[in-house]
Structures are given as C-alpha cells and as structure tokens.
**Q** 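Here it is, the structure in full.
Proteins come first, then strands; the chains are lettered A, B, ... in the order of their sequence lines, and each starts at number 1.
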2 protein chains.
Amino acid sequence: MQIGIVAKKIGLSVDAIRFYERNALLPRPPRTRGGFRQYAETDVETLAFIRRVQGLGFKLSEIRGLLNLRGNRLQPCAPVRRRLQEKLSDVQQKLASLHNLERDLRLALRHCNREMRKRSAHCPILRERNPSKPEGAK
Amino acid sequence: MQIGIVAKKIGLSVDAIRFYERNALLPRPPRTRGGFRQYAETDVETLAFIRRVQGLGFKLSEIRGLLNLRGNRLQPCAPVRRRLQEKLSDVQQKLASLHNLERDLRLALRHCNREMRKRSAHCPILRERNPSKPEGAK
DNA sequence: GTACACCCTGGAGGATAGTCTAGAGTCAAC
DNA sequence: GTTGACTCTAGACTATCCTCCAGGGTGTAC
C-alpha cells in the first residue's frame with residue numbers, strides 16, 4: 001500500500017504520516033526500488049492507534065511511550081492504566097480551572113450588565129482596578 | 001519608572017513587557033537620554049489590564065482589540081460584553097469536550113480494569129480496534 | 001513511450017507566548 | 001571614577017503538530 005492510500009484510509013495527510021515516521025511513532029516501512037514507501041496492514045493499525053489515543057488527549061511524545069509498551073507482551077496493562085489515570089487527573093484539573101474561568105466570565109458579564117443598565121459611560125472591565133480577581137484560571 | 005520596577009510591580013518578566021511593546025499591546029514609552037524606557041502609572045494600569053483579561057482566557061491578539069476599545073470613550077461596554085459572551089461560549093464548548101474526554105478516559109480505565117481482573121495478557125487499549133470511539137474530544 | 005498522478009527529500013513556516021543570549025551601554029551610589 | 005546592578009538590541013530558541021514548498025523521480029495505464 002502506498003502512502004496516499006494509507007492516508008486516505010485513516011484520514012490523515014501524507015505529510016502527517018511522514019512526520020510520524022520522522023518522529024519515531026511509525027516504523028520505517030520497506031521501499032520499492034524507486035524509493036516509495038510500502039505499508040502493511042499493521043502500519044494502518046498503528047496509525048489508527050495513534051489517532052485513537054490522540055483522541056484521548058495524549059501528546060505524540062506520550063503516544064511514543066505507549067507504542068513502546070505495545071511492543072512487548074509482558075502484561076503491559078498496568079503501565080497503560082497508570083498513564084490513563086494520570087491523564088484523567090490532568091483532564092480533571094483542566095476542568096476545574098475552566099470552571100473557574102467560566103465563573104469569572106459570568107461575573108464580569110454581570111458587572112457589565114449592571115453598568116449598562118445604569119447607562120454609565122465607563123465599562124467596568126476596561127476601567128476597574130480589580131473587578132473580580134480572576135486568579136484560578138489556567 | 002524603569003522597566004525592572006514595573007516588571008516587579010506587576011509580576012511579569014522584563015522580557016514579557018518588551019514583548020508586549022513589540023506586539024503593540026503597550027505603547028512605546030519615552031526614553032532617557034541613555035535609551036532606558038520610562039514608564040508612567042498608566043502603563044502599569046495597562047499591564048494590569050492585560051494580565052486581568054488574560055486571566056479571563058483572552059489571547060494577546062484579542063487583548064489588543066480590547067485595548068483599542070479602551071482608547072475611545074463612546075460607550076464601549078457593548079462590544080466588550082459581546083466579546084465576553086463569545087469567550088464564555090468558547091469556554092463552555094471546551095468544558096463540554098473535556099467532559100466527553102473524561103468520560104472516555106473513565107471508560108478506557110474500566111476496560112483496563114476488567115482485563116486485569118481476568119489476568120489477561122493483552123491490554124484492551126493497546127490491542128482493541130475501537131474500544132470506545134473517542135470522538136467527541138477536542 | 002508518454003501522460004499524469006503520485007511520491008521523494010530537505011527545509012521553511014506558522015500559531016502562541018514568551019524566554020534566553022551575547023555583547024554592549026547606562027545609571028546611581030560611593 | 002569606579003563598581004555593580006540594571007538596561008539596550010537583535011535574533012535565536014522553546015514546545016506542539018503538523019503544512020507547504022521546490023525540484024526532481026516513479027508507477028501505471030493507454
């Protein structure tokens with residue numbers, strides 16, 4: 001299978017696949033005499049895996065770690081589990097900080113509305129010194 | 001006030017302040033004969049403003065827009081309000097997609113746990129074709 | 001044997017928000 | 001007038017995940 005076919009199959013760009021190869025996420029495939037990459041089904045699976053865990057919020061560098069795990073057969077579930085748990089707590093932290101941000105934005109909007117009702121000429125967001133101490137946000 | 005003082009006052013690096021100037025977030029201050037920047041209180045306020053709305057999740061390019069609004073006095077509250085609302089709905093979208101991600105991660109962990117209880121040698125995350133269709137995530 | 005789509009490489013670029021560096025100059029205090 | 005802390009500039013670098021490009025070669029169908 002040549003690279004364009006694989007790209008279409010998986011929904012990636014040709015450039016992205018070559019990028020993954022350069023960055024050791026995908027093994028170097030054999031080539032035709034002319035130098036064209038020739039992929040097998042396992043490569044397609046690897047790419048599908050990459051997409052899938054990328055969808056779980058893993059960075060490419062982390063995915064590289066997972067792929068190495070994937071290579072050996074000795075009960076690799078435990079380290080994967082650990083990584084999933086780490087990722088879950090990352091996500092939960094991000095959620096918390098976004099919730100804070102949401103609260104601060106609502107607060108700012110409320111100030112804004114109050115000022116508009118008063119037909120005041122100065123916007124509290126633009127003028128005030130310290131309207132709501134938005135700190136918690138990431 | 002020279003740049004280091006301002007930096008300390010606001011909690012930014014000297015480099016960051018110069019960076020803001022280069023990127024038209026902060027006006028160019030007057031200089032001493034020797035070429036040192038001399039800041040006034042209003043510059044400190046501008047920087048405080050930048051920090052504040054950055055804490056509300058605005059990018060520097062967006063903050064530049066807000067700062068322009070800040071210049072004119074003609075009832076600028078309405079456009080600010082609009083931007084705040086846009087930002088709020090961005091945040092809400094991100095929250096939704098992170099919630100999806102959290103759900104997918106929990107699901108993946110559950111699969112993982114099940115497999116470990118079975119003392120199975122293959123990890124469902126590494127092997128399965130399509131364990132939980134993690135799509136909704138950003 | 002030629003047309004056309006496809007592939008190759010290496011390197012640049014891009015968005016974001018800065019940080020870091022070298023090498024030189026300045027300010028204030030003593 | 002010298003010391004020491006501070007500042008100046010331009011440009012390179014960080015991390016992330018690719019995309020785009022030129023200039024050239026390959027594969028296959030007709």
**Q** Would you kindly give the OH-to-P distance between A:Tyr39 and C:dC6, to the nearest whole Å?
**A**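 Value for this atom pair: 17 Å.
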**Q** Find which nucleotide of DNA chain C each of B:Ser61 and B:Phe36 is nearest to by heavy atoms, and output the residue with the more 5' nucleotide.
**A**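 Upstream on the strand: B:Ser61.
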**Q** Identify the two heavy atoms, one from B:Leu25 and one from B:Arg64, that lie closest to each other, and give their separation to 0.1 Å.
**A**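 Heavy atoms of B:Leu25 and B:Arg64 come nearest at CD2-N, 3.7 Å.
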**Q** Between B:Arg52 and B:Glu45, is there a side-chain N and carboxylate O pair less than 4.0 Å apart?
**A**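 Not counted as a salt bridge, because no side-chain N and carboxylate O are separated by less than 4.0 Å.
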**Q** Between D:dC18 atom C1' and A:Leu47 atom CG, what is the distance in whole Å?
**A**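 Going from A:Leu47 (CG) to D:dC18 (C1'), I get 14 Å.
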**Q** Rounded to whole angstrom units, what separation is found between the CG atom of A:Asn23 and the P atom of D:dA15?
**A**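 About 13 Å, once rounded to whole Å.
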**Q** Closer than 3.5 angstrom, by distance alone: can the side chain of A:Asn113 be matched with the main-chain N or O of A:Arg110 as a donor-acceptor pair?
**A**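 Checked: no pair found.
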**Q** Taking only heavy atoms on the protein side, list every residue of residues 25-34 of chain A lying under 4.0 Å from any atom of DNA chain D, sorted numerically.
**A**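 When residues 25-34 of chain A is checked for heavy atoms under 4.0 Å from DNA chain D, the hits, listed by number, are A:Thr32, A:Gly34.
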**Q** CZ of A:Arg28: more than 12 outside heavy atoms within 6.0 angstrom?
**A**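 Not buried by this count: 12 neighbours or fewer within 6.0 Å.
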**Q** With the side chain counted from C-beta on, respond yes when B:Glu41 and B:Met1 share a heavy-atom pair under 4.5 Å apart, and no when they do not.
**A**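 SC-SC contact between B:Glu41 and B:Met1 confirmed.
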**Q** B:Gln38 has an atom CD; how far is it from atom C1' of C:dC27, in whole Å?
**A**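 Spelled out: CD on B:Gln38 to C1' on C:dC27 is 11 Å.
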**Q** Rounded to the nearest angstrom, tell me the gap between atom CD1 in B:Ile5 and atom P in D:dC6.
**A**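 The distance from CD1 of B:Ile5 to P of D:dC6 comes to 8 Å, rounded to the nearest Å.
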**Q** Is the side chain of A:Gln93 donor-acceptor paired with the backbone N or O of A:Asp90 at a distance under 3.5 Å, no angle test?
**A**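 Side chain of A:Gln93 to backbone of A:Asp90: no pair is present.
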**Q** Please answer: with hydrophobic residues joined when any side-chain heavy atoms are less than 4.5 Å apart, are B:Phe58 and B:Leu12 in the same cluster?
**A**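 Same cluster: B:Phe58 reaches B:Leu12 through Ile, Leu, Val, Met, Phe, Trp or Tyr contacts under 4.5 Å.
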**Q** Within residues 13-21 of chain B, find the residues that approach DNA chain C with a heavy atom at under 4.0 Å, and present them sorted by residue number.
**A**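 Nucleic-acid contacts, sorted: B:Ser13, B:Asp15, B:Ala16, B:Phe19, B:Tyr20.
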**Q** For A:Arg64 and D:dC18, what is the distance between atoms CZ and P respectively, to the nearest whole Å?
**A**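 Answer to the nearest Å: 13 Å.
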**Q** Which of the following nucleotides, C:dA17, D:dG27, D:dT7, is nearest to the side chain of B:Gln54?
**A**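 The closest nucleotide is C:dA17.
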**Q** Pick the closest DNA chain D nucleotide for B:Lys8 and for B:Arg22 by heavy atoms, then say which residue is nearer the 5' end.
**A**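 Taking each residue's closest nucleotide, the earlier one in sequence belongs to B:Lys8.
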**Q** Do the side chain of B:Asn23 and the main chain of B:Phe19 share a donor and acceptor less than 3.5 angstrom apart?
**A**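 Yes; judged by distance alone, with no hydrogens or angles, the pair exists.
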**Q** Tell me the interatomic distance from A:Phe58, atom CZ, to D:dA15, atom C1', rounded to whole angstroms.
**A**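 Going from CZ in A:Phe58 over to C1' in D:dA15 covers 19 Å.
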**Q** How long is the line joining CZ of A:Arg37 and P of C:dC7, in whole Å?
**A**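 After rounding, the gap between these two atoms is 10 Å.
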**Q** Could you check whether A:Glu102 pairs with B:Lys94 (Lys NZ or Arg NE/NH1/NH2 to Asp/Glu carboxylate O, under 4.0 Å)?
**A**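 No, this pair does not count.
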